[in-house]
4 protein chains.
Amino acid sequence: MVVIMKPGTKKEDVNSVVTYVKGMGLDVVLNQGINYTVLGLIGDTGKIDPDKLMLNEHVDRVMRIAEPFKKASRKFHPENTVVKVGDAEIGRDKGFTVIAGPCSVESEAQMTEVANGVKKSGAKLLRGGAYKPRTSPYSFQGLALEGLEILKEAREQTGLPIVTEIMSPALVERFERDVDVIQVGARNMQNFDLLKELGKCSKPILLKRGLSATIEEWLMSAEYILAGGNENVILCERGIRTFETYTRNTLDLSAIPAVKKLSHLPVIVDPSHSAGMSWMVEPLSLAAMAVGADGLIIEVHNCPEKALCDGAQSLNLAQFDSLMKKMTGMGRNIGLNI
Amino acid sequence: MVVIMKPGTKKEDVNSVVTYVKGMGLDVVLNQGINYTVLGLIGDTGKIDPDKLMLNEHVDRVMRIAEPFKKASRKFHPENTVVKVGDAEIGRDKGFTVIAGPCSVESEAQMTEVANGVKKSGAKLLRGGAYKPRTSPYSFQGLALEGLEILKEAREQTGLPIVTEIMSPALVERFERDVDVIQVGARNMQNFDLLKELGKCSKPILLKRGLSATIEEWLMSAEYILAGGNENVILCERGIRTFETYTRNTLDLSAIPAVKKLSHLPVIVDPSHSAGMSWMVEPLSLAAMAVGADGLIIEVHNCPEKALCDGAQSLNLAQFDSLMKKMTGMGRNIGLNI
Amino acid sequence: MVVIMKPGTKKEDVNSVVTYVKGMGLDVVLNQGINYTVLGLIGDTGKIDPDKLMLNEHVDRVMRIAEPFKKASRKFHPENTVVKVGDAEIGRDKGFTVIAGPCSVESEAQMTEVANGVKKSGAKLLRGGAYKPRTSPYSFQGLALEGLEILKEAREQTGLPIVTEIMSPALVERFERDVDVIQVGARNMQNFDLLKELGKCSKPILLKRGLSATIEEWLMSAEYILAGGNENVILCERGIRTFETYTRNTLDLSAIPAVKKLSHLPVIVDPSHSAGMSWMVEPLSLAAMAVGADGLIIEVHNCPEKALCDGAQSLNLAQFDSLMKKMTGMGRNIGLNI
Amino acid sequence: MVVIMKPGTKKEDVNSVVTYVKGMGLDVVLNQGINYTVLGLIGDTGKIDPDKLMLNEHVDRVMRIAEPFKKASRKFHPENTVVKVGDAEIGRDKGFTVIAGPCSVESEAQMTEVANGVKKSGAKLLRGGAYKPRTSPYSFQGLALEGLEILKEAREQTGLPIVTEIMSPALVERFERDVDVIQVGARNMQNFDLLKELGKCSKPILLKRGLSATIEEWLMSAEYILAGGNENVILCERGIRTFETYTRNTLDLSAIPAVKKLSHLPVIVDPSHSAGMSWMVEPLSLAAMAVGADGLIIEVHNCPEKALCDGAQSLNLAQFDSLMKKMTGMGRNIGLNI
């Protein structure tokens, strides 16, 4: 941590900050510049709250040197994490993992058809929403527990592990028992009570980036889960909110190499929600593969025209199969199994 | 709802959309333009999902005419809502309400001193966080239930109703019993499970705007609570996330007249969290009063230098008293009691 | 400037950076932390390009300590700048200055009526666009030189100094001769060739903030003009681009106290362009006065329904007069002449 | 265009709008809904200013149906435009075009080395800045005319056409004579005086997207050039400004398929400026190729450590060569020459 004193601060006022910091058990190096005096804090700066230093009227700014996340950081965990879910291994070293399925679970017939379809095309996990976060209280809110049962049935038929979204800490126990990967949606990325519960859980967590979350905040939310003892976190970029309105959100593909540099956790991309338009899923999926993502989560529906939610962004089974073939071709070219 | 067909769409393809819409029980008016055919949908358009229309390959765009919120809308509820909490009445017609107190409840001594101080200066409600949403799992997370007890003690001593933040649906019952106004923080504005529980609750809800929530989404979250039967919602603007980094967030004061036009609900301003710097609280508070807000929620601490969280943005008691005097003066000038 | 070396950097690699910096004539203080080595650079850090340091593979990050603007900074110029234009003095110490007039100059009759009207209500300067930056090449582009002549005529009749926008360096000479305050629009805030020409000019410059300019970039654009020798710069906040679409832009009123802290230059507010809706002009104007701005620039038209551009955001003369009365009342209350 | 009247508007007030619109030579279709009356305007709606309709107190909203750009629109020009520059043809149908070179022209020796290097690796055009837009007036501003001469010399030696940035309308004549592709930087995307001059010019224009420009505004700026008679516009995505600070800007790769759908113009990607970090150039370049861009513009320097500007984002010649080999491999896989 670095503390910048205001220009013209008197020696005794600098000293009072030095004394405070030393009192907290840290050491201080003085950098006496022309206009600014800068204090370098040496030791466990986690004990120091930058906000409190800012209250000293002679302090101009406080800058953090160390990253605030530890367990999520590549600095202390250089090798890539691979998350195992049944037979699937999520992590680019093991191949490129595609998760597919409908936005929401609607019926057994629908799930069976989609699950068999996406499996045939090469998907390794099955997604489907039983609990749906909707902006409007008047929209379809999901089949809830009935949806979970249908998902389990689809798993039994296909052998595909299931991924589904959780919205409340009260459901963690049930999800831990019934689900293979528990998804935290963008709107709940900073639902800290939920994250704490998931930290105690044994199942892998798919953590979507919040609509206006910085990469650092996203990794801090992962840190909540890791700090609780659950080391199986898969990050998912799904678009951020910007001024652009043509696409529903702006897919931030630069976040993929950024996360790879900062963290050891696998990171996948959701091209369906970011764009909100099915015809954009293919180019964005290929770009995600090229940019270095560990996989994709794609919305696929047997009949998008009749989907109860988000039909406009869903591929049908034929479109998904065609995309998988293209990705397999591109993967072969760069030595990446799919 | 208005449906715009792609240029050059054939008559039969237009007709198939008309047939679909009529099949849903609505009527259609045809607007045959030079390049575009536009369909005006007449009737209960709530039955139609715009996403599904978008799946028709001949549909170019779908535009909503009606606002998606009903109970929160001023159109169906022209008079201002006034929320009563003990002796306080929140709503500018009744005066300008100031809520004050520390970011987090730290001890009985602290709460007693702050509560007595802000009451003397004219605050009508007391705030204080018992459960704290923190970006980092390693930061102070609040005193939890012990904090609630300290708040109740402070209420008993001062008579000020208490406002505190809830983070989990599991705590709704307890908060309903113990607290006077239940606050939903920015990060939980779209925690829909929590909103649904609060809709069944009898206590007023203070609903903060999410960091990247549009005004419409904010009102839709209010709609969740109203639709559940709880009509006492107070909105709170607390800054939105933008590219500017000088202030922690960008306080969107234009949102106040916007909300006043769209909705009948009272809306207050949080100048402490938006700026993140105590020296900005005074000018932003005066601006909030001038722009038409119904009140303010301000962080006040007996000793900001020693605050366990967010000390940098807290006023001390003398600063708060001075601000209240300025606001009383300005209020007198425009016929607004404080 | 502070240079943070990557964790685990060897002594000799740290030394090579130290040698490089000393070779540039600066001194270095070593801060040896637990995980990080931090170098404090002492001396004229303006000679060091942070980007170049970043190229060293052992450098993790480089942090600037000093602000990049000098002449615009309050640190080296503590007292407020007051800009004189004819009889008007722009700077809150001298009162609150209102600039008013139509978006674009349309005809002599229009300008005469508006100029006389706004003068009567208390405006101190007259605005009007002769050259109009329009998103579409097919929109009305302004009367150009003919517009300038009409503005001069209106000045002669009323004695009000005139403010109008420049879009090209080629017109600087003409504007310097004919105009009292030269406005740089938001879209040209980083048209550096234009700023350089205006730096050589003797007339005051009204510099609008770019739609996505940080406060620091805005002050750096002012620095271009100041560095050229022109010390009369008036800043103007007019809303920034965010995700919110209800208002055309988001008026950033926090920028006013921020600019006041960072700089000695006067800063006014444009409530007309930011909101894009005439009914929002009054509350935003009152808020701007309360937050500490030095004045306002407001669009006023004798007949907004017939305005050739931006009619929807223009006040008519009666609305402007009513607003001026309210602001005079509020100003009296806080000891501010208008 | 669609006009939505406020709920409860009386028949005569609706009629007055109808009369106004018909007076402008358009036809009107009435859509009488339950709460809203909606008017469909039929005819040349270009004559109608939506802002003026908004001034009518009974009008709630006005929605545009047609896109505001014509010449840039794919609707009226379905086939892809290919821009020819010497032997190079920019347009994916003809292959994937890579433009490379240093941020700024520094010396003949530098340009010769870089030009020969990038040519050998497969670049088809040479970039280099002679005029540099810099945030600070104290930063290196480019070699200006001397830089142009060095670029011409490099062209003579290598045969590569040259691309360089223009900042002022006064230089259009000179650039038209000396340069092969004239670049408009992000900060000048809405410098309309410059765009108008370039519309009269015979050389292709490389139009970068503004930092906070929507896709529609970007295409409207292209429309300025096209409307002036210059049909050779190449669009360039270079990152937009968002809240994320890890990368300098957020590269919006979704904009590529969006532009391809809306317009017939070629669109390339600048991975160097968006990220601001050289190690991100490779993954972003591969992603740009995969997402469907027509080419790339990449910063390459013979010695990035000594670059006078933006060294941190420049590849050296070996890195560029390695990237070109990877892209050639990926291109072969998808049938795309490079």
*Asks:* Under a 4.5 Å heavy-atom cut-off, does chain D meet the side chain of C/Tyr138, its backbone, both or neither?
*Replies:*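 When you check distances to chain D, only side chain atoms of C/Tyr138 fall under 4.5 Å.
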*Asks:* Rounded at 0.5 Å granularity, tell me how far CG in D/Leu194 sits from CG in C/Leu194.
*Replies:*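 These two atoms lie 11.5 Å from each other.
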*Asks:* In Å and rounded to the nearest 0.5 Å, what is the OG to NZ distance from D/Ser168 to C/Lys196?
*Replies:*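 NZ of C/Lys196 is found 10.0 Å from OG of D/Ser168.
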*Asks:* If you compare all heavy atoms of C/Arg241 against all heavy atoms of D/Ala213, which two are closest, and at what distance to 0.1 Å?
*Replies:*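 Minimum heavy-atom contact is NH1-CA, 4.0 Å.
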*Asks:* Which one, D/Gly276, D/Ser212, D/Ser278, leads in non-hydrogen pairs under 4.5 Å with chain C?
*Replies:*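 Of the candidates given, the most pairs with chain C belong to D/Ser212.
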*Asks:* Please flag which part of C/Pro169 lies under 4.5 Å from any non-hydrogen atom of chain D: side chain, backbone, both or neither.
*Replies:*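 Contact with chain D involves the side chain of C/Pro169 alone.
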*Asks:* Kindly give the heavy-atom pair with the smallest separation between D/Met167 and C/Phe192, and that separation in Å.
*Replies:* CE-CB, 4.0 Å
*Asks:* So which of D/Glu217, D/Glu216, D/Met189, D/Lys70 has the largest heavy-atom pair count under 4.5 angstrom toward chain C?
*Replies:* D/Glu217
*Asks:* Where on D/Gln141 is there a heavy atom nearer than 4.5 Å to chain C: the side chain, the backbone, both, or neither?
*Replies:*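 Side chain only.
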*Asks:* Would you name the heavy atoms of C/Thr135 and D/Met220 that are closest together and state the gap between them?
*Replies:* O-CB, 3.4 Å
*Asks:* With a 3.5 Å distance limit and no angle check, can you tell me whether D/Arg187 reaches the backbone of C/Gln190 through a side-chain donor-acceptor pair?
*Replies:* no
*Asks:* Measure distances from C/Asn191 to the heavy atoms of chain D and classify the residue's part below 4.5 Å as side chain, backbone, both or neither.
*Replies:* both
